[in-house]
Amino acid sequence: MTTLTISSKNYSSWSLRGWLLCRMAGVKFEEVNIDLDEEARQELLLLSPSVLVPRLTHGDVTVWDTLAIAAYLAEEYPDAKLMPEEKVARNHCRSICGEMHSGFYNLRSALPMNLKARHKSFKIFSGARPEVERIKTIWQECLDAYGGPYLFGKAPTMADAMYAPVCTRFVTYAVELEPQLAAYCQTILDWSLMKEWTAEAIKEPDEIIELEVEF
């Protein structure tokens with residue numbers, strides 16, 4: 001049996017990334033949800049390296065960490081084309097996925113994912129502003145190089161899964177975007193997989209406390 005262990009659909013950006021990657025690969029899996037009680041929240045905040053979420057169990061293989069899940073799925077399901085086929089584009093894709101995986105800590109803290117929230121205006125603290133601008137640059141370079149509507153052309157890749165939570169953040173916190181970048185965000189939000197995830201997120205109980213550090 002194949003399972004994907006995830007946590008809150010409203011708040012967990014890493015769970016969203018793992019889920020999108022599995023669905024893009026065409027994997028049939030059962031969702032296993034972690035109950036975010038107070039103790040679990042503390043573990044996620046304080047012991048995040050030891051909390052193996054998201055976690056894919058696929059036959060005898062268990063993979064955690066979103067980037068590792070992406071690499072595994074790309075190997076197992078090459079026909080899903082999670083990465084571009086052309087060498088330059090493929091390594092560009094790897095690089096920006098790695099940058100999202102290891103960076104943007106200030107943005108994560110300042111603009112935590114919350115699919116239910118909408119702010120008409122929101123002041124972004126100075127430490128996060130360069131990271132917002134860096135993401136805009138990444139998107140613009142990809143759209144210019146590969147023609148859109150997704151980051152690497154006509155079909156979504158692992159890069160779009162990695163940056164999808166950022167699209168939700170920019171909408172939640174009313175981040176001003178140039179028209180082409182706003183159109184990319186809307187493409188991601190209109191993606192059928194994102195609509196499916198968001199519909200489930202809206203159903204989650206409101207009493208979950210918003211976290212200061214994303215998970």
Side-chain angles (χ1 to χ4, degrees), residues 4-23 31-48 51 53-55 65-66 97 99-136 138-139 156 159-177 181-215:
L4 181 69
T5 302
I6 59 174
S7 51
S8 167
K9 288 191 172 180
N10 190 50
Y11 295 110
S12 179
S13 63
W14 293 109
S15 293
L16 169 57
R17 292 178 176 107
W19 186 90
L20 285 173
L21 289 163
C22 288
R23 291 293 301 275
E31 291 181 22
V32 178
N33 293 88
I34 290 179
D35 184 17
L36 285 177
D37 57 19
E38 187 61 35
E39 182 177 353
R41 278 197 295 271
Q42 291 174 6
E43 288 184 1
L44 285 163
L45 287 171
L46 302 176
L47 303 173
S48 56
V51 179
V53 177
R55 180 173 70 254
D65 183 280
T66 306
C97 288
E99 189 170 351
M100 172 51 64
H101 183 263
S102 61
F104 302 108
Y105 180 81
N106 289 324
L107 183 145
R108 301 180 201 286
S109 299
L111 309 176
M113 190 173 91
N114 185 343
L115 297 181
K116 295 182 183 182
R118 288 291 185 274
H119 300 272
K120 292 183 179 179
S121 64
F122 189 87
K123 186 175 182 180
I124 303 173
F125 86 93
S126 58
R129 290 175 199 155
E131 296 183 359
V132 170
E133 293 305 312
R134 174 57 187 154
I135 286 174
K136 290 182 182 181
I138 290 171
W139 289 359
D160 299 289
M162 292 296 285
Y163 283 85
V166 179
C167 295
T168 73
R169 288 181 170 97
F170 283 0
V171 171
T172 293
Y173 298 99
V175 175
E176 186 174 347
L177 297 172
L181 303 185
Y184 170 67
C185 271
Q186 195 58 51
T187 294
I188 295 300
L189 296 177
D190 288 341
W191 189 8
S192 60
L193 295 180
M194 280 296 295
K195 286 186 173 182
E196 182 180 342
W197 176 277
T198 301
E200 292 298 316
I202 298 301
K203 298 176 184 178
E204 286 187 350
D206 291 332
E207 58 266 21
I208 293 177
I209 298 173
E210 188 169 347
L211 300 173
E212 294 178 357
V213 179
E214 77 158 14
F215 58 96

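Everything numeric in this text was worked out from a predicted model, so none of it was measured.
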Kindly write out the residues that satisfy side chain to side chain donor-acceptor pair (under 3.5 Å) with Glu99, not counting sequence neighbours, or none if the list is empty. Arg134
Below 4.5 Å, heavy atoms only, C-beta onward: do Ser13 and Arg169 meet side chain to side chain? yes
So does Ser12 get a backbone contact from the side chain of Arg17, meaning a donor-acceptor N/O pair under 3.5 Å? no
Distance in Å, Leu16 CG paired with Thr198 OG1, rounded so as to fall on 0.5 Å steps: 7.5 Å
Quick one: pull up CH2 in Trp19 and OG1 in Thr5 and give me the separation to the nearest 0.5 Å. 15.5 Å
Walk me through it: do Phe170 and Leu181 pass the test side-chain contact (heavy atoms from CB on, under 4.5 Å)? CA-CA 10 Å; Phe170 283 0; Leu181 303 185; over 6 Å; no
Under the salt bridge (Lys or Arg N to Asp or Glu O under 4.0 Å) test, which residues partner Lys120, sequence neighbours left out? none
Closest heavy-atom contact between Ala110 and Ala128? CB-CB, 3.8 Å
Who pairs with Glu176 by salt bridge (Lys or Arg N to Asp or Glu O under 4.0 Å), at least two apart in sequence or on another chain? none
Could you pull out all residues at least two apart from His101 that satisfy ring-ring contact (aromatic ring centres under 6.0 Å, His included)? Trp14
Going by heavy atoms in the side chains, are Ile6 and Asn33 under 4.5 Å from each other? yes
My understanding is that only residues two or more places apart in sequence, or in another chain, count here; which of them pass side-chain contact (heavy atoms from CB on, under 4.5 Å) with Ala161? Leu20, Leu21, Met24
For Trp197 against Ser8, the heavy-atom pair lying closest together: CZ2-O, 4.3 Å
Output all residues satisfying ring-ring contact (aromatic ring centres under 6.0 Å, His included) with Trp191, sequence neighbours left out; order by chain, then residue number. none
Provide the full list of side-chain hydrogen bond (donor to acceptor under 3.5 Å, both in side chains) pairs with a residue in residues 121-130, sequence neighbours left out, each pair given once. none
What pair of heavy atoms forms the shortest contact from Met100 to Val166, and how long is it? CE-CG2, 3.5 Å
Pair Glu204, Lys116 - check side-chain contact (heavy atoms from CB on, under 4.5 Å), show working. CA-CA 10 Å; Glu204 286 187 350; Lys116 295 182 183 182; 4.2 Å; yes
Suppose we screen for side chain to side chain donor-acceptor pair (under 3.5 Å). Which residues come up paired with Lys195, at least two apart in sequence or across chains? none
Set of side-chain contact (heavy atoms from CB on, under 4.5 Å) partners for Ala201, sequence neighbours left out: Lys9, Asn10, Leu115
Sub-3.5 Å donor-acceptor pair from the side chain of Thr168 to the main-chain atoms of Pro165, do we have one? yes
Taken in chain and number order and not counting sequence neighbours, the residues that satisfy side-chain contact (heavy atoms from CB on, under 4.5 Å) with Ala182 are Leu177
Taking C-beta and beyond as the side chain, do Phe122 and Thr172 meet within less than 4.5 Å on heavy atoms? no
Indicate yes or no: at least one non-hydrogen side-chain atom of Val175 is less than 4.5 angstrom from one of Leu111. yes
Hey, what do you get for SG (Cys22) to CD (Glu31), rounding to the nearest 0.5 Å? 10.0 Å
Under the side chain to side chain donor-acceptor pair (under 3.5 Å) test, which residues partner Trp139, sequence neighbours left out? none
Hey, is the main chain of Pro112 close enough, under 3.5 Å, to the side chain of Tyr173 for a donor-acceptor pair? yes
